[in-house]
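If you scroll down you'll find the structure; I have some questions about it.
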Amino acid sequence: MKKMIALVIALMLILTCAFAEEFRVGMECNYAPFNWTQVEADENTVPISDGTGYAGGYDVEIAKQIAEGLGRDLVIVKLEWDGLIPALQSNMIDAVIAGMSPTAERKVVVNFSDAYYHSDLVIVVRKDSPYANATQLSDFAGAKITGQLNTFHYTVIDQIEGVQKMAAMDTFPAMIVAVTSGVADGYISERPGAVSACAANADLTFVTFETGFEASEEDTSIAVAMRQSDTELLAQVNEILAGIDEDTRNTVMDNAVLNQPVVAD
């Protein structure tokens with residue numbers, strides 16, 4: 001019996017050490033150019049842990065640099081958006097790097113790093129839509145507009161007077177289908193996501209505003225989410241992010257837009 005207990009303990013120690021050498025990052029792998037799934041590997045991708053393909057995108061590149069700085073092996077865990085924070089809290093992953101904004105609501109349950117990207121909000125529409133030439137929010141009065149479930153993108157729809165606020169949708173691909181099929185007139189997106197969607201879908205364009213949605217800096221920033229107990233990891237991640245200058249970040253995003261699959265899985 002004593003030998004059996006010793007063997008179990010030794011095995012647990014081996015597994016714990018192996019796991020500690022990994023940096024397990026959760027993301028949707030479905031939000032180009034921040035993150036996406038593709039079938040074949042290339043020099044920019046990382047295998048997805050469940051074997052469903054390879055992850056690429058801006059978030060993956062940032063995750064690579066953080067993992068390298070930590071001296072750990074990067075593991076990408078593909079999860080639904082609503083499952084990211086629960087997976088973090090249950091120790092299934094070490095961090096969320098998924099185009100996530102450090103909102104006040106999320107800060108109640110997780111810690112966030114310093115921002116690793118800043119963006120602005122736009123509305124994606126069909127090119128032949130009567131809203132394609134809009135210049136201000138009021139031009140969308142009467143329009144059927146949606147946004148992703150459980151994001152601040154969906155809440156800002158209320159700032160459009162007279163809008164028809166549709167039910168929120170789970171994923172960006174679902175919203176793209178809704179707009180291209182005419183079910184929705186548009187959806188809210190950050191600019192990089194809109195550029196990506198339009199590059200992959202010739203029927204789409206997006207509307208920018210000189211005076212657009214009111215949003216806090218934390219809403220339009222993107223940061224790494226970690227457990228509140230992981231204060232040492234937070235400090236290490238912030239130190240690594242501080243070493244990535246703005247020009248490099250912009251170049252990484254530009255390359256992500258260029259490298260995205262024509263149709264993200």
Can you tell me which residue pairs pass the side-chain hydrogen bond (donor to acceptor under 3.5 Å, both in side chains) test with a partner in residues 41-55, sequence neighbours excluded?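 Output for this query lists Gln38-Asp42, Asp50-Thr52.
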To the nearest 0.5 Å, atom CG of Leu70 lies from atom CD of Glu21 at 13.0 Å
For Asn259 and Trp36, the nearest pair of non-hydrogen atoms, with its separation, is O-CZ2, 3.7 Å
- Query: Do Ile85 and Val109 come within less than 4.5 Å of each other through their side chains, counting heavy atoms only?
  - Reply: yes
inquiry  = When you group the ILVMFWY residues by side-chain heavy-atom contacts below 4.5 Å and let the links chain together, are Val122 and Val195 in the same group?
reply    = yes
Connected to Leu149, directly or through other members, by ILVMFWY side-chain contacts below 4.5 Å are none
Between Ala223 and Tyr116 the two heavy atoms that sit nearest each other are C-CE2, 3.4 Å
*Relative to each other, are the rings of Phe209 and Phe140 parallel, tilted or perpendicular (30° and 60° limits)?*
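Perpendicular: the ring planes of Phe209 and Phe140 meet at over 60°.
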Please check if Trp81 and Val177 belong to a single hydrophobic cluster, counting links between Ile, Leu, Val, Met, Phe, Trp and Tyr side chain heavy atoms closer than 4.5 Å.
no
List, one per line, each side-chain donor-acceptor pair under 3.5 Å for residues 97-107, sequence neighbours excluded.
residue: Ser101; atom: OG; partner: Asp219; partner atom: O; Å: 2.8
residue: Ser101; atom: OG; partner: Ser221; partner atom: O; Å: 3.0
residue: Thr103; atom: OG1; partner: Arg106; partner atom: N; Å: 3.4
residue: Arg106; atom: NH1; partner: Ser101; partner atom: O; Å: 2.8
residue: Arg106; atom: NH2; partner: Asn150; partner atom: O; Å: 3.2
residue: Lys107; atom: NZ; partner: Glu218; partner atom: OE1; Å: 3.4

(message) Under a 3.5 Å distance rule, please check whether Asp94 uses its side chain to pair with a backbone N or O of Arg24 as donor and acceptor.
(response) yes
When every non-hydrogen atom of Glu22 is compared with those of Val75, the smallest separation belongs to CD-CG2, 3.8 Å
* Asked: Are Ser119 and Thr220 side-chain neighbours, meaning at least one heavy-atom pair lies under 4.5 Å?
  -> no
query = Would you say Asp139's side chain and Ala134's backbone share a donor-acceptor pair under 3.5 angstrom?
reply = no
Could you give the side-chain donor-acceptor pairs of residues 184-193 under 3.5 Å, partners two or more places apart or in another chain?
residue: Asp185; atom: OD2; partner: Lys144; partner atom: N; Å: 2.7
residue: Ser189; atom: OG; partner: Ala194; partner atom: N; Å: 3.3
residue: Glu190; atom: OE1; partner: Tyr31; partner atom: OH; Å: 2.9

task = Check whether any side-chain heavy atom of Val25 lies under 4.5 Å from a side-chain heavy atom of Met27, and answer yes or no.
result = yes
Restricting to non-hydrogen atoms, name the atom on Val224 and the atom on Ala95 that form the minimum distance, rounded to 0.1 Å.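 In this case the closest contact between Val224 and Ala95 is CG1-CB, 3.8 Å.
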| task | Give a yes or no on this: more than 12 heavy atoms of other residues, nucleotides or ligands lie within 6.0 Å of atom CD of Glu68. | result | no
*asked:* Gln148: which residues meet the side-chain hydrogen bond (donor to acceptor under 3.5 Å, both in side chains) condition with it, sequence neighbours left out?
replied: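 Checked Gln148 against side-chain hydrogen bond (donor to acceptor under 3.5 Å, both in side chains); matches are Glu28.
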In terms of hydrophobic clusters joined by side-chain contacts under 4.5 Å, are Leu121 and Val179 together?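 No, separate clusters.
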| Checking Ser129 side chain against Val125 main chain: does a donor-acceptor pair fall under 3.5 Å? | no
Run the side-chain donor-acceptor check on residues 230-243: report pairs under 3.5 Å with partners two or more places apart or on a different chain.
residue: Asp230; atom: OD2; partner: Arg227; partner atom: NE; Å: 3.3
residue: Asp230; atom: OD2; partner: Arg227; partner atom: NH2; Å: 3.3
residue: Asn238; atom: OD1; partner: Asp114; partner atom: N; Å: 2.7

Original post:
Which heavy atom of Pro33 sits nearest a heavy atom of Ala256, and at what distance?
Top reply: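 Residues Pro33 and Ala256, closest heavy atoms: O-CB, 3.6 Å.
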Rounded to the nearest 0.5 Å, the CD atom of Glu161 sits from the CD atom of Gln159 at a distance of 12.0 Å
Residues at least two apart in sequence or cross-chain that pass side-chain contact (heavy atoms from CB on, under 4.5 Å) with Thr248, listed by chain then number, are Ile244, Asp245, Val252
inquiry  = If the condition is ring pair (Phe, Tyr, Trp, His ring centres under 6.0 Å), which residues does Tyr117 pass it with, not counting sequence neighbours?
reply    =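 Partners of Tyr117 under the ring pair (Phe, Tyr, Trp, His ring centres under 6.0 Å) test: Phe34, Tyr58.
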**Study point:** CD (Gln136) with more than 12 external heavy atoms under 6.0 Å
**Key:**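 Above 12, so yes.
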- Residues which pass side-chain hydrogen bond (donor to acceptor under 3.5 Å, both in side chains) with Ser113, listed by chain and number, not counting sequence neighbours: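 Ser113 satisfies side-chain hydrogen bond (donor to acceptor under 3.5 Å, both in side chains) with no residue once adjacent residues are dropped.
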Salt bridge (Lys or Arg N to Asp or Glu O under 4.0 Å) pairs touching residues 247-258, sequence neighbours excluded, are none
Is there a path from Phe152 to Ile145 through hydrophobic residues (I, L, V, M, F, W, Y) whose side chains come within less than 4.5 Å of each other?
->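 Shared cluster, yes.
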- Query: Mind checking what makes side-chain contact (heavy atoms from CB on, under 4.5 Å) contact with Ala87, not counting sequence neighbours?
  - Reply: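 For Ala87 the side-chain contact (heavy atoms from CB on, under 4.5 Å) partners, ignoring immediate neighbours, are Leu79, Met92, Ile93.
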Check against side chain to side chain contact (heavy atoms under 4.5 Å, CB included), Asn30 and Thr37: CA-CA 6 Å; Asn30 209 10; Thr37 300; 5.8 Å; no
CG/Asp203 to OG/Ser181 distance, rounded to the nearest 0.5 angstrom?
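Interatomic distance, Asp203 CG to Ser181 OG, rounded to 0.5 Å: 11.0 Å.
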* To do: May I ask you to test the Ile123-Phe206 pair for a side-chain heavy-atom distance under 4.5 Å?
  => no
Practice prompt. Go through the steps for Leu74 and Ile76 under the test side chain to side chain contact (heavy atoms under 4.5 Å, CB included), then give the verdict.
Written response: CA-CA 7 Å; Leu74 176 61; Ile76 299 296; 4.0 Å; yes
Exercise. Hey, does the side chain of Arg72 reach the backbone of Ala67 with a donor-acceptor pair shorter than 3.5 angstrom?
Worked result: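 Side chain of Arg72 to backbone of Ala67: no pair is present.
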ask   = Are Leu84 and Val77 joined in one hydrophobic group, where the rule is that I, L, V, M, F, W and Y side chains link up if heavy atoms are under 4.5 Å apart?
value =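 Linked within one cluster.
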To the nearest 0.5 Å, atom CG of Leu88 lies from atom CD of Gln228 at 9.5 Å
So CG of Asp128 and CG of Leu204: to nearest 0.5 Å the spacing works out to 9.5 Å
Can I get a per-line list of side-chain donor-acceptor pairs under 3.5 Å for residues 163-174, giving both atom names and the distance, sequence neighbours left out?
residue: Gln164; atom: NE2; partner: Gly142; partner atom: O; Å: 2.8
residue: Lys165; atom: NZ; partner: Asp158; partner atom: OD1; Å: 3.0
residue: Lys165; atom: NZ; partner: Asp158; partner atom: OD2; Å: 3.2
residue: Thr171; atom: OG1; partner: Ala174; partner atom: N; Å: 3.2

